[in-house]
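Worksheet: the structure to be examined is printed underneath.
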Amino acid sequence: MVKLSRDFYVRIDTIKVARELLGKLLVVPDENGNRVSGMIVEVEAYMGITDKAAHSYAGRRTPRNEVTYAVGGHVYVFFIYGMYNQLNVVSGPADHPHVVLIRALEPVEGIETMRERRGPMPDKNLTSGPGKLCIAMAIDRTLNAEDLLGEKIWLEDFRKYRSNEIATGKRIGIDYAAEDAEKPWRFWLKDNIYVSKSQNREISSPPA
DNA sequence: TGTCCGATTGGT
DNA sequence: CCAATCGGACAG
């Protein structure tokens, strides 16, 4: 399996990167070096300094979000609500703090490991949310700023989806972002049961 | 140093 | 609908 190259992540069109992340395979080897992986089925784009929902809004730059200013292809992992981690993929060139939040996966490899980490529950709940998938994949802040071209966490090509298989809608949990809360910057695979169970209202049909 | 609150989740 | 739970951002 071949890792996605730097070129994939460095593109300046964050929406395009976000949509193309759907169907990619996220791989994080476990403590024994065995592959644990899932296909990305839901993402959200955070559009940098002009996006009121983004941690880098208005050019905010702190120890926490420093890596979002790095060149594309690194991960931004942050801790939220006192108990959850969230995984983001940094995109674009350096000093262009756009990221794509990985909101849900479909388990592919190492499902038993995921079940152990998550505890007893239906498989469809293992990775159907940004906090859940970080537990299932053992992603926490120790992976923050890791390079996706390295050996701890990476992405591979897996499946291709057409535009008509992708739904678009508002991002979730960002009511504080005023008018930017309305932006159609959330993307998911239609009918995939691992998409997070929220307002799956589709705003518009995807472009051609 | 003190206060406020969150890119969620799971249970009521 | 609401509590859990704590690090980070920012004010003072």
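In what follows, every chain begins at residue 1, and chains take the letters A, B, ... in the order their sequences are listed. Computed from a predicted structure; not experimentally measured.
- The CD1-P distance, from A/Ile139 to B/dA7, rounds to 18 Å in whole Å.
- Between A/Tyr176 atom OH and B/dA7 atom P there is a gap of 4 Å when expressed in whole angstrom units.
- The side chain of A/Arg118 places an N or O atom within less than 4.0 Å of a non-bridging phosphate oxygen (OP1 or OP2) of B/dG10.
- Note: A/Ser5 OG to A/Leu155 CG = 11.5 Å, rounded to the nearest 0.5 Å.
- Whole-Å rounding puts the A/Asn65 CG to C/dG7 P distance at 18 Å.
- Across all strands shown, A/Val43 has no heavy atoms under 4.0 Å from either base or sugar-phosphate atoms.
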Worksheet, complete the sentence: Base-pair string, DNA chain B, Watson-Crick plus G-U, cut-off 3.5 Å on both distances, | for inter-strand, is ||||||.||||.
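- Seen from the ring of A/Tyr46, A/Arg171 counts as a face-on cation partner, given the 6.0 Å and 45° thresholds.
- Taking 4.0 Å as the cut-off between side-chain N and carboxylate O, A/Glu156 and A/Lys24 do not count as a salt-bridged pair.
- If you take CD on A/Glu44 and CH2 on A/Trp185, they are separated by 11.5 Å, rounding to the nearest 0.5 Å.
- Residue contacts for A/Arg61: at a heavy-atom cut-off of 4.0 Å it reaches no nucleic acid atom on any strand shown.
- Smallest separation of non-hydrogen atoms from A/Lys152 and A/Val28: O-CG1, 3.6 Å.
- Distance CG (A/Asn125) to P (B/dT8): 17 Å, rounded to an integer number of Å.
- In this model, the phosphate group of B/dA7 is not approached by any side-chain N or O of A/Arg103 to a distance below 4.0 Å at OP1 or OP2.
- Counting non-hydrogen atoms of other residues, nucleotides and ligands closer than 6.0 Å to CD1 of A/Ile15 gives a total above 12.
- Within residues 77-87 of chain A, the residues approaching DNA chain B are A/Phe78, A/Ile80, A/Tyr81, A/Gly82, A/Tyr84, A/Gln86, by heavy-atom distance under 4.0 Å.
- Counting to the nearest Å, the P atom of B/dA7 and the NZ atom of A/Lys170 are 18 Å from each other.
- A/Leu126 has its CG atom 15 Å from the C1' atom of B/dG10, to the nearest Å.
- More than 12 heavy atoms of other residues, nucleotides or ligands lie within 6.0 Å of CE in A/Met121, so this atom counts as buried by the packing criterion.
- Rounded to an integer number of Å, the gap from A/Asn88 CG to B/dT8 C1' is 14 Å.
- Taking the ring axis of A/Phe8 as reference, the NZ or CZ atom of A/Arg11 stays within 45° of it and closer than 6.0 Å to the ring centre.
- Of the possible donor and acceptor atoms, none in the side chain of A/Asn88 sits under 3.5 Å from a partner among the backbone N and O of A/Val99.
- In this structure, A/Lys52 atom NZ and B/dG6 atom P are separated by 16 Å, rounded to whole Å.
- Residue A/Lys132 places at least one side-chain N or O closer than 4.0 Å to OP1 or OP2 of B/dG10.
- The aromatic rings of A/Phe78 and A/Tyr76 lie tilted to each other, with the angle between the two planes from 30° to 60°.
- Close to C/dA9, at under 4.0 Å from its OP1 or OP2, lies a side-chain N or O of A/Thr62.
- Listed nucleotides C/dA9, B/dT9, C/dG7 differ in distance to A/Arg64; the shortest reach to its side chain belongs to C/dA9.
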